Amino acid sequence: MPKTPDMSLPDANRWKALVFIALAQLMVVLDATIVNIALPTAQQDLGISDANRQWVITAYALAFGGLLLFGGRIADLWGRKRTFVVGLFGFAAASALGGAANGEAMMLGARALQGVFGALLAPAALSLLAVMFTDAKERAKAFGIYGAIAGGGGAVGLILGGFLTEYLNWRWTFFVNIPFAIVAAVGAYFVIREPEGARNRSSLDIPGVVLSTLGLVALVYGFTRAESAGWSDSLTVGMFIASVVLLAAFVVTEAKVKAPLLPLRVLTERNRGGVYLSLGLAIIAMFGLFLFLTFYLQVVKGYSPVKTGFAFLPMIAGMITGSTQIGARLMTRVAPRLLMGPGFVVAAVGMLMLTQLEIDSSYAGLILPAQLLLGLGMGTAFMPAMSLSTHGVNPADAGVASAMVNTSQQVGGAIGTALLNTIAASATTAYIGSHAAGARDPKLLELQGMVHGFSSAIWWAVGILVAAAAIAFTLINTGRPGGGPAVAGSGDADAVEDEVKVPVIAH
């Protein structure tokens, strides 16, 4: 009879597995922005109306954001490796459908399907890291790489989207996902070995699934509608009221049912709660900035899609450096709040520089150094945040704890785009209205108004990043890995407890 492998030992293939997990995460994150640059061309080819254009983005965001908690629990219940592989093949099929779209309905259906399979894939990827990397130093390196991809993937999407749209065809912004997904799925199938003891075999909480999905969909749709229809629109207000009622009912339900979709212990532990809140706020600031800088560079500066994409490279370089060289090296030496708090402050300084944007601002003198600071700060903060998302959690809850990070990112992205864009639009309208009388060049006035709107909204983003830093300093109180509370990483909880000298949170 073959000897059963000791699952308390580190997985021999864990670093190979990281390659395929990182590849899948890159595909999901860049898909959030890669389609943005291709959208004008796709809209024209498929005859999508201006009113329905936003649904190419919104259909993905609604399905992805609404189903993430469900996807996280499916990963816990069904097995993370299986969920990960199914999610990858499903994402590839949905991408093929999007690339082959011959009309509006097929395109929107493909985007919604991408969101569904992304909601399976994303929490499974992060929770696989949580259960495979248990050594503090190795965990720091693994989450450093993952954090850099989570933070910089959106900017990579802008570069890749610009290149594919300009030199090939918008359809390739979908087709490019297929090789990513197939390589990651095949690699994961042969390399990943998931600890059996990390499964959660409790029955599925159907009321929780329905309430959380409807509540999150209402919240995301409320913000996306506010961007186009306004905050006082009756349907917008109705969506916000519905989301509050549904999510409140979800919390009440989770407190009462025997096997909850999202055990409240996952949220109420102060370190995890601090991560979800501060990360969500930081994403609000970042997604708004991606939008403003893209418009500024293309509309005001006249950059091509490819040149615009490459203009984001300093931010990507900063994120990679912050995650892998600063965050990963210091994570085992200092408390996470001493990386996250200062990281968000440095990012806020970079954002503060961008409040000085003018029509003739120098890229090298202002935008480049601001992006470097933003990237360094966010990369340094993202890495410990990703690792802390499963801080002290029971291995059986790793999937749903990971899903909460993705949920805070997805909801944060929807809020950031809508909130900051609305602030910018209002400031632009006010500026043009107050300067119209003495304007000699209407086109110049329009550009000045646009830039004024951007800088006004970026001031809000600065405040949001400062709030994220304050939350990180206040709520996150765990010590450095190896000397503080545990991050459960395998099916053998006792082994993890011995390693870090502090018991896993009681359940």
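If you read the sequence from its start, that first residue is 1, and numbering goes on from there. Note that the structure is predicted; figures quoted are calculated from it, not measured.
Residues L297 and I367 form a side-chain contact, since some pair of their non-hydrogen atoms from C-beta on lies under 4.5 Å apart. By the 4.5 Å heavy-atom criterion applied to side chains, V466 and F344 are not counted as neighbours. Taking 4.5 Å as the limit, some side-chain heavy atom of L354 sits within range of a side-chain heavy atom of L374. Residues V210 and F250 fail the side-chain proximity criterion, which asks for heavy atoms closer than 4.5 Å. At a threshold of 4.5 Å between non-hydrogen side-chain atoms, the residues V275 and M404 do not count as touching. Within the 4.5 Å cutoff, no side-chain heavy atoms of V451 are placed close to those of L447. By the 4.5 Å heavy-atom criterion applied to side chains, L419 and W231 are counted as neighbours. Counting heavy atoms from C-beta on, the side chains of F84 and I21 come closer than 4.5 Å.
The shortest non-hydrogen separation linking L46 to A101 is CD2-O, 3.4 Å. Heavy atoms only, all atoms of each residue included: F473 and P342 are closest at CZ-CD, 3.5 Å. Across all their heavy atoms, V346 and L373 have their closest contact at CG1-O, 3.4 Å. For the residue pair I464 and I284, the shortest heavy atom distance occurs at CD1-CG2, 3.7 Å. The shortest heavy-atom contact between R270 and L475 is NE-O, 2.8 Å. Shortest non-hydrogen contact noted between A94 and L113 is CB-CB, 3.7 Å.
Surrounding CZ of F310 are at most 12 heavy atoms belonging to other residues, nucleotides or ligands under 6.0 Å away. Residue-environment remark: CH2 (W170) exceeds the threshold of 12 foreign heavy atoms within 6.0 Å.
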- Query: Y296 and F292: ring-ring contact (aromatic ring centres under 6.0 Å, His included), yes or no, with the steps?
  - Reply: CA-CA 6 Å; Y296 176 80; F292 297 146; over 10 Å; no
- Query: Which is it for N177 and Q114 under the side chain to side chain contact (heavy atoms under 4.5 Å, CB included) test, yes or no, and what are the steps along the way?
  - Reply: CA-CA 10 Å; N177 290 328; Q114 280 186 313; 3.4 Å; yes
- Could you walk me through whether R73 and V209 pass the side chain to side chain contact (heavy atoms under 4.5 Å, CB included) test, one step at a time? CA-CA 9 Å; R73 184 49 89 195; V209 170; over 6 Å; no
- Message: Quick one, M286 with M315, criterion side chain to side chain contact (heavy atoms under 4.5 Å, CB included). Give me CA distance, side-chain angles, the key distance, then yes/no.
- Response: CA-CA 11 Å; M286 284 296 290; M315 193 185 298; 3.7 Å; yes
- Item | Derivation and outcome, side chain to side chain contact (heavy atoms under 4.5 Å, CB included), residues F382 and I283 | CA-CA 10 Å; F382 261 60; I283 291 293; 3.5 Å; yes
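A donor-acceptor pair is defined here as one N or O able to donate and one able to accept, closer than 3.5 Å; no such pair exists between the side chain of S278 and the backbone of A468. Using a distance-only test at 3.5 Å, with no hydrogens or angles considered, no donor-acceptor pair links the side chain of T474 to the main chain of I471. For Y363 (side chain) and A311 (main-chain N/O), a donor-acceptor pair under 3.5 Å exists by modelled atom type. At least one donor-acceptor pair under 3.5 Å links the side chain of S434 to the backbone N or O of Y431. With hydrogens and angles disregarded, no donor-acceptor distance shorter than 3.5 Å links the side chain of S361 to the backbone of L357. Between the side chain of S456 and the backbone N or O of A424, no donor-acceptor pair lies under 3.5 Å. Proximity of a side-chain donor or acceptor of N271 to a complementary backbone N or O of N477 within less than 3.5 Å is detected.
Atoms CG and CG, from L68 and L121 in turn, are 10.5 Å apart once rounded to the nearest 0.5 Å. Atom CD1 of I432 and atom CD of E446 lie 6.0 Å apart (nearest 0.5 Å). To the nearest 0.5 Å, atoms CD (Q371) and CE (M353) are separated by 10.5 Å. Distance CE/M319 to CG/L372: 11.5 Å, rounded to 0.5 Å. Interatomic distance, NZ of K443 versus CD of Q448, reported as 12.0 Å (0.5 Å rounding). With rounding to the nearest 0.5 angstrom, the OG1 atom of T380 is 11.5 Å from the CE atom of M340.
Residue F180 is tested with I182, V176, I178, V183 for a side-chain contact (heavy atoms from CB on, under 4.5 Å); the sole match is V176.
Using cut-offs of 30° and 60° on the angle between ring planes, the pair F64 and Y60 is parallel.
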